[in-house]
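Below is one structure, written out as structure tokens, with a few remarks after it.
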Amino acid sequence: MLALGLAPGATAMPARVVSMNLCTDQLAMLLAAPGQLVSVSFLAADPMSSAMAAEARAYRLNHGQAEEVFLMRPDLVLAGRYTARAAVDLLRRLGVKVVTVDAPATLDAVPDTVRAVGAALGRSPQAEAMATDFTARLAALRAHPAPPRRAALYGPGGFTSGSGTMADDILRAAGLTNVAAAAGLSGYAVLPLEKLVMAAPQEVIVSATYPGTSRPEEVLQHPALKALAARIGPPRQTGPGWDCGTPRVLDAIAGLEARP
Amino acid sequence: MKVLAPLAVLVALLFAASLLIGPADLTPGQSLAALFGGGGASEAMVLVMREIRLPRALLGLLVGGALGLSGAAMQGFLRNPLAEPGLIGVTGAAALGAVLALQTGAALAFALALPLAALAGAACAVGLILLLAGPRGSTLTLILAGIAVSALAGALTALVLNLSPNPYAATEMMFWLMGSLADRSMQHVWLAAPPILLGCAALLRLGRGLDALTLGEDAAAAMGIRPTRLRITLILGTAAAVGAATAVAGAIGFVGLVVPHLLRRAVGARPSALLPASALGGAAMVLAADIAVRLIAPARDLQLGVLTSLVGAPLFLHLIWRSRRDEA
Amino acid sequence: MTLLTLDALTVRRGQCPVVDGVSLTVAAGEFVGLLGPNGAGKTSLMRGALGLLPHEGGSSLAALPPNARARAAAWLPQARTVAWPVSVETLVALGRTPHLDGRPGPADRAAVDRALARMGLDAYRNRDATALSGGEQARVLIARALAQETPLLMADEPIAGLDPAAQIRTMEVFARLAREGHGVVAALHDLGLAARFCTRLVMLAGGRKVADGAPEDVLTEANLRTVFGLYAHVERTADGLVVQALGVTG
């Protein structure tokens, strides 16, 4: 899924790569040759957001600002489609090569994304191996789904992931039915609490809460949700592996299947 | 009396509608059965009715009553139809108090810290406004003082939320500015109800003094009204009612402006008669607005204050226009 | 019966005394006109006497608890404030505030009716008090003070801004109240009406009482010259004392 800036069959391997997006950060860390990746975004080091926070500490962290990235003298910048648009435009005007990578919307799109980042890094063979391995492991996980159970994803402010989202795909791969998708919701949408209760899910999967308090997260402590939990067991938490289509997403699927 | 009875009926109808309308498709029969524990209701229905819709409707009633009554009381005291808890910064300051209680963890350690901190914020704002606007609240000073207090409270609230370690805290600003009853629970009802009821009881007793103030504070004092006691009761009553309401529902604007304005003629403009009528009217307005947000955009987190402000802000402009004409 | 006793009453604005050691008693049946140029301390004297201003010295009214005081004396301030568009009847009924314990009873309604009748306002009963002319509003506010039915009525320039007939009618109402056994204290600027209707005049200058007595003893040419800076024609006629200011002295 290469968007811009790189001719197919890229020539020299870029030597100083800066990634500005949580998802490209993780793919770059998985694929780059030693010393090739200079900096990843600060979110990559945040254990709440990133499945590879520990690895990210080995790199300089950037905050998506054109100035700091430019001063790192990168010969390749990896960015998401929507990351820091102004900064990306400015870097391009300054003559820096920027490759934007779309986050995969489905599990089946993950191998292509891996290949695209691999090509940009000049590490196509490694990317190909990773993509093949991913396809095989995904097929294995899908072949042994747990008996179908109705699950509801529920996050701060009552947001859920309906059909067409990676999270929905993860649930289905793990042999679960997404009640939000079944209720006709698509994309990232609000699932009213009473609809969640009426859908009678057999499992509720909530997002991990941050330290400190916030009103959007308060709904995760709602007595109605607790009453539901008293019946079907405490909710499980999504992890950082859910958000980006990296091969780590397989761990999330395996984790869901592991539930008795 | 001829105003209170129809208003009470309206509030009862809206309260029932608030219980019966929601995203989960329950028939009225199922809803009532689930609420009152009759047969034929599933466990999920009981949860929906008792833990989700009942607290929401109860809070609509309490919060609306508190806002309408406080607006009527402040207007009677300042003898200015523009005095409104939201406009003059009382709800903003209450929100700041609530946010401080939540973000410092005080509300976790001690549940009552939330309404008490909001009450303290509201009391500071009312006291400050009365100090700045003077005994006879001239429109100009009242609004200027309100702008200053609101801006300060809003900025401090945003600052506290931005400094929070929780990334979602910053997204709360909308709730504190506009207010919402979505996803509230019975815990919120138990927290807010006592201060709101105490505050409302205090404000309802002010009728005689506010009536006498129609003739000016000198004449009122000479008719046996104790101005200091009246002022302190007003500050504490408003702070308790508005503070607790804001702590659980955010700053729902303009209710205290619109409701007394609409009902003033109907009750013969007597401040004492306006107090209970505005409490009922406020409850009706908030319940109606809360039903509307559920009907208009059920899948969006549409804030309640958006609707009350859409009704209230044009009326506010109209009142400014009229008071300018009267002063000219 | 004495309705008001002031003993060396002093009211200060900052350090400066605006009422300076005034002693005075007002008895039932008296209609006392309080005279003096602007700034002489007429308003401060009455507000101090009612306990509405901090003061030194004694005032029999200010010593009472608020509600007892409100049943002893009614106060008609100069500012004609009607904050809300209430009906005339509602406004006049506010005068019953100190007597109320709960809802107004038949006695309260009767007092309101008497006050409305006395001021000739029966036809105005259901009118919006804020929509009346200034003179009508003044009469409504006087009716409010009358409805309080207190032994003593204190009024600050009650006839200012009224047309001549209304001024005379109002003075007649006050004089009749006095004849009926009430006491009335009113700050007045119209020397001629004060001379004709008041039973007694108190003249203030610079916060001090400079004259106190029957109209003909107070409204002397000498007092008018020294206190008001006026030269005037003063004459006893068959209709009573006639005072007409003719000019301002040097």
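Just so it is clear: chains get the letters A, B, ... in the order the sequence lines come, proteins before strands, and each one is counted from 1. Because only heavy atoms are used, hydrogens play no part in the values below, and waters and symmetry mates are left out as well, while side chains stay in. Note that the coordinates shown come from a computational prediction; the quantities given were computed from them, not determined experimentally.
When all heavy atoms of B/Leu47 and A/Ala224 are compared, the pair lying nearest together is CD1-O, 3.7 Å. When all heavy atoms of A/Pro211 and B/Asn166 are compared, the closest pair comes out as O-CB, 3.2 Å. Shown here for B/Pro23 and A/Pro192, the closest heavy-atom pair between the two residues is CG-CB, 3.3 Å.
B/Ser185 touches chain A through backbone and side chain together, each having a heavy atom under 4.5 Å away. Both the backbone and the side chain of B/Tyr168 have a heavy atom closer than 4.5 Å to some heavy atom of chain A. Heavy atoms of A/Val197 lying under 4.5 Å from chain B belong to its backbone as well as its side chain. With a 4.5 angstrom heavy-atom cutoff, A/Ala189 does not touch chain B via any of its atoms. Both the backbone and the side chain of B/Met45 come within contact range of chain A, judged by heavy atoms closer than 4.5 Å. Contact annotation for B/Leu161: neither backbone nor side-chain heavy atoms come within less than 4.5 Å of a heavy atom of chain A.
Residues A/Met198 and B/Asp25 fail the side-chain proximity criterion, which asks for heavy atoms closer than 4.5 Å. Annotation: side chain of B/Pro167 is in contact with side chain of A/Tyr210 (closest heavy-atom distance under 4.5 Å).
Within 6.0 Å of CD on A/Gln237 lie more than 12 heavy atoms contributed by other residues, nucleotides or ligands. Open room surrounds CZ on A/Arg60; 12 or fewer heavy atoms of other groups in view lie less than 6.0 Å from it. By the neighbour-count criterion of 12 heavy atoms within 6.0 Å, atom CE of B/Met174 is sparsely surrounded, having that number or fewer from other residues, nucleotides or ligands.
Of the residues considered (B/Glu43, B/Arg294, B/Met186), B/Glu43 shows the highest number of contacts with chain A, using heavy-atom pairs under 4.5 Å.
Side-chain N or O atoms of B/Glu51 include none that pairs as donor or acceptor with a backbone N or O of A/Pro223 at under 3.5 Å. Side chain of B/Glu172 to main chain of A/Arg215: a donor-acceptor pair is present (N/O by atom type, distance under 3.5 Å, no hydrogens or angles).
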Evaluate the criterion side-chain contact (heavy atoms from CB on, under 4.5 Å) for residue pair A/His222 and B/Ile52; output intermediate values, then yes/no. CA-CA 9 Å; A/His222 197 283; B/Ile52 299 174; 4.0 Å; yes
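By the 4.0 Å N-to-carboxylate-O rule, B/Arg184 lies close enough to A/Glu218 to be salt-bridged with it.
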